[in-house]
Amino acid sequence: MAISVSASSTTAVRSLSRLSSVKLSAYRSSSKLSFSSSLQFQPIRVVNTSISSRYRSLAVEAKKQTFNSFDDLLANSDKPVLVDFYATWCGPCQIMVPVLNQVSSTLKDKIQVVKIDTEKYPNIADKYRIEALPTFILFKDGKPFDRFEGALTADQLIQRIENSLSVKQ
């Protein structure tokens, strides 16, 4: 099951995402995110639709889940959680969207997939020292278990997750 973090974006954040990385880094290091309000997590289920052209279209069904914090999500998960730290302006991150959908449906009984926008939640990105995008962290029992960076194919990502879960048990 894939989960996507949703939060309302402000004009300031959208404006900052267009600035150079130097200016954006300065903003990220000085920004604060309060967890007084609940985070909204949306599990995503991919449903195949008929193939009407060269491209296969997908419909996505989402169900909202609310957690008080990211730590609450990790602590209450009954499966390992793969977290994709991404940004909307990151090209390789956008390439990973269909890959993560495939990984989520293939490993739905083994892991939960969560996407965290590093610009909307910079304190979470800072806590886990995210310096490259995309960065994937596999959490088990609420703690970081494995970490890898960069775009991967679905087969490579599935293999990496399965190897990590079987080797480090």
Side-chain angles (χ1 to χ4, degrees), residues 1-9 13-14 17 39-67 69-122 124-125 127-169:
M1 164 173 49
I3 298 179
S4 144
V5 175
S6 65
S8 60
S9 62
V13 171
R14 277 183 261 139
S17 67
L39 294 176
Q40 295 288 321
F41 295 94
Q42 299 178 342
I44 298 173
R45 190 177 81 181
V46 178
V47 180
N48 292 333
T49 58
S50 63
I51 300 171
S52 59
S53 67
R54 277 181 55 163
Y55 303 101
R56 184 174 161 201
S57 61
L58 296 172
V60 177
E61 296 177 8
K63 177 182 149 195
K64 289 187 180 183
Q65 289 183 332
T66 303
F67 297 89
S69 70
F70 179 65
D71 293 331
D72 187 31
L73 167 76
L74 295 175
N76 293 320
S77 179
D78 57 343
K79 306 184 249 192
V81 178
L82 176 67
V83 179
D84 170 23
F85 289 92
Y86 76 100
T88 56
W89 50 262
C90 169
C93 299
Q94 301 310 312
I95 291 170
M96 292 304 297
V97 172
V99 171
L100 286 169
N101 285 337
Q102 184 178 352
V103 169
S104 177
S105 63
T106 302
L107 299 176
K108 66 183 172 197
D109 296 330
K110 295 181 180 181
I111 66 167
Q112 191 174 29
V113 178
V114 176
K115 296 177 65 64
I116 301 285
D117 185 334
T118 57
E119 294 200 349
K120 290 181 182 175
Y121 299 101
I124 297 174
K127 178 178 179 179
Y128 294 104
R129 300 179 189 262
I130 305 303
E131 296 177 0
L133 296 175
T135 294
F136 302 93
I137 300 179
L138 186 61
F139 290 86
K140 189 171 181 184
D141 300 322
K143 296 181 179 117
F145 189 65
D146 195 7
R147 176 187 186 115
F148 33 100
E149 298 171 346
L152 302 167
T153 66
D155 291 337
Q156 290 171 326
L157 189 54
I158 290 167
Q159 188 66 44
R160 179 75 186 252
I161 293 165
E162 287 180 335
N163 285 345
S164 180
L165 292 175
S166 65
V167 170
K168 296 184 177 182
Q169 301 246 354

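FYI, the numbering just counts along the sequence from 1.
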Visitor: Start with the C-alpha distance between Leu157 and Met96, add both sets of side-chain angles, then the distance that settles side-chain contact (heavy atoms from CB on, under 4.5 Å), and finish with yes or no.
Guide: CA-CA 10 Å; Leu157 189 54; Met96 292 304 297; 4.0 Å; yes

Visitor: In residues 129-139, what donor-acceptor pairs under 3.5 Å come from side-chain atoms, sequence neighbours left out?
Guide:
residue: Thr135; atom: OG1; partner: Ala132; partner atom: O; Å: 2.4

Visitor: How close do Asp117 and Ala87 get, counting heavy atoms only, and between which atoms?
Guide: OD1-CA, 4.1 Å

Visitor: With no hydrogens and no angle check, do the side chains of Asp155 and Gln159 hold a donor and an acceptor under 3.5 Å apart?
Guide: no

Visitor: Would you compute the distance between atom OG of Ser164 and atom CD1 of Ile111 and round it to the nearest 0.5 angstrom?
Guide: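 Going from OG on Ser164 over to CD1 on Ile111, the span is 10.5 Å.
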
Visitor: Before giving the answer on salt bridge (charged side-chain N to carboxylate O under 4.0 Å, His left out), spell out for Asp71 and Lys127 the whole-Å C-alpha distance, their side-chain angles and the decisive distance to 0.1 Å.
Guide: CA-CA 11 Å; Asp71 293 331; Lys127 178 178 179 179; 3.2 Å; yes

Visitor: With a 4.5 Å cut-off on side-chain heavy atoms, are Val97 and Tyr86 touching?
Guide: no

Visitor: Could you report the tightest heavy-atom contact between Leu100 and Lys115, atom names first, then the distance?
Guide: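 Between these two residues, the closest heavy atoms are CD1-NZ, 3.9 Å.
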
Visitor: Side chains of Glu119 and Trp89: donor-acceptor distance under 3.5 Å anywhere?
Guide: yes

Visitor: Under 4.0 Å between a Lys/Arg side-chain N and an Asp/Glu carboxylate O for Asp146 and Arg160?
Guide: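 Salt bridge: yes.
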
Visitor: Rounded to the nearest 0.5 Å, how far does CD1 of Ile116 lie from CZ of Phe70?
Guide: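 One finds 5.0 Å between CZ of Phe70 and CD1 of Ile116.
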
Visitor: What distance separates Gln102 CD from Leu107 CG, expressed to the nearest 0.5 Å?
Guide: 10.0 Å

Visitor: Between Lys79 and Lys110, what is the shortest heavy-atom contact and its length?
Guide: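 Scanning both residues, the minimum pair turns out to be CB-O, 3.7 Å.
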
Visitor: Mind checking whether Tyr128 and Phe85 have parallel, tilted or perpendicular rings, split at 30° and 60°?
Guide: tilted

Visitor: Using the rule given for side-chain contact (heavy atoms from CB on, under 4.5 Å), can you reason through Val114 versus Leu73, listing the C-alpha separation, both sets of side-chain angles and the distance that settles it, and then say yes or no?
Guide: CA-CA 10 Å; Val114 176; Leu73 167 76; 3.8 Å; yes

Visitor: To the nearest 0.5 Å, how far apart are CD in Gln94 and SG in Cys90?
Guide: 7.0 Å

Visitor: Check Pro98 against Ile95 and note the closest heavy-atom contact, atom names and distance.
Guide: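 Taking every non-hydrogen atom into account, CD-O, 3.3 Å.
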
Visitor: Just one of Ile158, Asp84, Leu152 clears the side chain to side chain contact (heavy atoms under 4.5 Å, CB included) bar with Val103, so which one?
Guide: Ile158

